[in-house]
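Below, read A as the first sequence line, B as the second, and so on, with proteins coming before strands; counting in each chain starts at 1. The figures that follow rest on heavy atoms only: side chains count, while hydrogens, waters and symmetry mates do not. Not measured: the values here are computed from a predicted model.
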Number of protein chains: 2
Amino acid sequence: MKPKAVTLKDVAAAANVSRATAARALNGYGYVGGDAAERVRTVARELGYRGNRIAQALRQGELPLIGFVPGDILNPFFSQIAHDLDMELRGSRHNLLIAASQEDPEQERQVIDSLRALALRGLIIAPATSDPNPQLAAMLEEGYPLVLIDRVPEGLDCDQITVDNREGARNAVDYLIRSGHRRIALIHDGSRIGTARERLAGYSEALESRGIAADPALIAESPSTVSHAIDATIRLFHRQDPPTALFTVDSLMTQGAMLAFRSLGLSMPHDVSLVGFDDFDMATFSDPQITVVSQPIKKIGPLAVEMIMARIQGSRAPARHVQFPTQLTVRGSVSRPRSA
Amino acid sequence: MKPKAVTLKDVAAAANVSRATAARALNGYGYVGGDAAERVRTVARELGYRGNRIAQALRQGELPLIGFVPGDILNPFFSQIAHDLDMELRGSRHNLLIAASQEDPEQERQVIDSLRALALRGLIIAPATSDPNPQLAAMLEEGYPLVLIDRVPEGLDCDQITVDNREGARNAVDYLIRSGHRRIALIHDGSRIGTARERLAGYSEALESRGIAADPALIAESPSTVSHAIDATIRLFHRQDPPTALFTVDSLMTQGAMLAFRSLGLSMPHDVSLVGFDDFDMATFSDPQITVVSQPIKKIGPLAVEMIMARIQGSRAPARHVQFPTQLTVRGSVSRPRSA
DNA sequence: GCCCCATATGAGACCGGTCTCACAAGATGG
DNA sequence: CCATCTTGTGAGACCGGTCTCATATGGGGC
């Protein structure tokens, strides 16, 4: 009941050699006699010797671990990325430590601190806010391997992978306009999360470039949850002069809008058109299927691993800023407005 | 560019005390003079001293890490659990290492091996198969803290959390029978995964207890992916004498069935009834919403943490086998068969 | 036969902490 | 005033590896 793991010393003793020789035999470096090596390997197998990575790490400085700090693993966007990181990292014999920030800056700070104490080789983070972040700045300064995904704090020149939120939103809204809509509503969380801000900006740009005055009454702010989004949608469409189309800035809100339309008895695309940012499974399960701005999620994980590995291997290259374009995935939730 | 983390030695030197005293001051044990302690703490703060958990772990044997080996994090079932584990573990100042087995026994073996080398404090595993598992048996034998969830290898008396798959399936099928169905199809993956087998058993029992002969032609086997399930469903309903109801053993298959029905032009519940095992978001987004057997997913994570922590704290109590009951969540996807 | 070098091996430093133990003071007390 | 106890502190062992360096041995070249 006291497992007492087999150590190198045990193996060395059993094979009648010194720890140094045993280590050489097992790790295959330096000079080792053929039969000594043989003996050590046999004994190690028999004893069930299993190296202690902690000791190795202590000597060499780091554990083969990469940390990932998503906003929330429950979000399919992040669980896809977590999955890809896990797969990709396995190829480099690293393991993945996941600790969600719950989209809370303070929790994020603590989580990062606790991960750093573990002497991970690097961290992949989706920062909870786009406010300047001294903690990350300090790590970057120290040369700590760091890759930011999805969102980026202001003024931090760090390896990062984002998508072109502004353009994606602009395209989506422009598509609605080209379909004949003029009264296009928007739901966003007024959050610190930069992505939402950029999507809002894209919305405004699209309207402006087509000479449509933005109506502040059509812009709703709501926390990013399905139920809040339902409320926000209902409020928007309960007006005497309701919008003919809606653009939602994330998939949770899109789901909320779908449910709200159902309860309002509005049918898509006949009564109302909908475009959401971010693709999600349900978008293809509803009837009609939902037109969305899709992001190349599957490219993010592998690229993040590539970036962090480069840093771990000591690359001092200037920070890479990769911004993926989005793509408008046209499905069935948009048509010309009835009245138009 | 060579961060050269601040070590205890640096702090001790700067505070003009020995490492021993510095350690005592920082960790608050043993005797330390008031002003020495003060000095050490101040210096530590100024230098940005951050303990090295690896060194601590080497001395004390383990890192404050728990490993989690799910089948696949993309599966919402597992991402919910991962999320709960992460949250729950934070309370005990532990971090979560996630490495998916991809439902592959060989990969599982390797993953567990690589996690063990990291000297984690314990492992929470959803075994990929229910075949006897010597690796896990050996770990158990050694007294390694281990908690199994969702599935359990044969002949392993280990802390475990499962749900009553057989009863859940029996209830679901019985519900269909009580709704007047006689020709009830089943799609399962013929997998080694025990849960699927138990659900199949529940299906058979329900039929038998109502005196309905099971028709092998109504039992389809398909890998557990949406697209395979679509094919399987189509094959089942292309028969000259199609079933009037379908029971699917997991949420991916349920989704596949929904899509297949749509493409076949069958409308639920009018043309066909559907009950799925495992609740999922989309089940409430479709029209009609899907009747499912739901599992108390949110209870699993917290309980798993409780169990593993007890083992880590040295509990030698007999293995706990917790089996949660399931609940039939009746929604709108079942009605009396047309013909009946 | 002598020197040099390649090969094989062990001793021991080291990584950064924790912790035991010995020891030096000052306080207590009889 | 000496013995004893309480404090405060440092030296150094230790965790389990890695790795440098010194040493031992044997073969080849001259």
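Judged by distance alone, with hydrogens and angles left aside, the side-chain atoms of A:Asp10 form a donor-acceptor pair with the main-chain N or O of A:Thr7 at under 3.5 Å. Of the possible polar contacts, one joining the B:Ser101 side chain to the B:Glu103 backbone as a donor-acceptor pair under 3.5 Å is found.
The nucleotide whose nearest atom lies closest to any side-chain atom of A:Leu58 is, among D:dT18, D:dG16, C:dG17, D:dG16. When the nucleotides D:dT18, C:dG17, D:dG10 are ranked by their closest atom to the side chain of A:Tyr29, D:dT18 comes out on top. Residue A:Leu8 places its side chain closer to D:dT18 than to any other of C:dG10, D:dT18, D:dT9. The side chain of A:Thr7 has D:dG17 as its nearest neighbour among D:dG10, D:dG17, C:dT18.
Between A:Glu306 and A:Arg320 there is a salt bridge, with a side-chain nitrogen of the basic residue lying less than 4.0 Å from a carboxylate oxygen of the acidic one. For B:Asp84 and B:Lys298, the salt-bridge test fails: no basic side-chain N is under 4.0 Å from an acidic carboxylate O.
Rounded to an integer number of Å, the gap from CZ of B:Arg39 to C1' of D:dT9 is 11 Å. Distance B:Arg59 CZ to D:dG16 P: 10 Å, rounded to the nearest Å. Atoms CZ (A:Arg50) and P (D:dG16) sit 15 Å apart, rounded to a whole Å. Following rounding to the nearest Å, B:Leu63 (CG) and D:dC15 (P) show an atom-to-atom distance of 18 Å. If you take CZ of B:Arg53 and C1' of D:dC15, they are 17 Å apart, rounded to a whole angstrom. One atom, CG of A:Leu26, and another, P of C:dT9, lie 13 Å apart when rounded to the nearest Å. To the nearest angstrom, C1' of C:dG16 lies 15 Å from CD of A:Gln60. Rounded to an integer number of Å, the gap from CG of B:Asn52 to C1' of D:dC15 is 13 Å.
Side-chain N/O atoms of A:Tyr31 include none lying less than 4.0 angstrom from OP1 or OP2 on C:dA8. Here B:Asn27 reaches the OP1 or OP2 of C:dT18: one of its side-chain N or O atoms lies under 4.0 Å away. Contact check, B:Ser18 against D:dG10: a side-chain N or O comes under 4.0 Å of OP1 or OP2. Dashed line: the shortest gap from a side-chain N or O of B:Tyr49 to OP1 or OP2 of C:dG17 is under 4.0 Å.
A 6.0 Å sphere centred on CZ of A:Arg53 holds no more than 12 heavy atoms belonging to other residues, nucleotides or ligands.
Judged by atom type and distance alone, A:Arg19 reaches the base of D:dG17 through a side-chain donor-acceptor pair under 3.5 Å. Looking at B:Arg24, its side chain comes within 3.5 Å of the base of D:dG10 through a donor and an acceptor atom.
For the pair B:Gly33 and A:Gln56, both in contact range of DNA chain D, the more 5′-proximal nearest nucleotide belongs to B:Gly33. Toward the 5′ end of DNA chain C lies the nearest nucleotide of B:Ala55, the other residue of the pair B:Ala20 and B:Ala55 mapping further downstream.
B:Ala36 comes within contact range of the sugar-phosphate backbone alone, with a heavy-atom separation under 4.0 Å but no base atom that close.
Judged by distance alone, the side chains of B:His321 and B:Asp157 do bring a donor and an acceptor atom under 3.5 Å apart.
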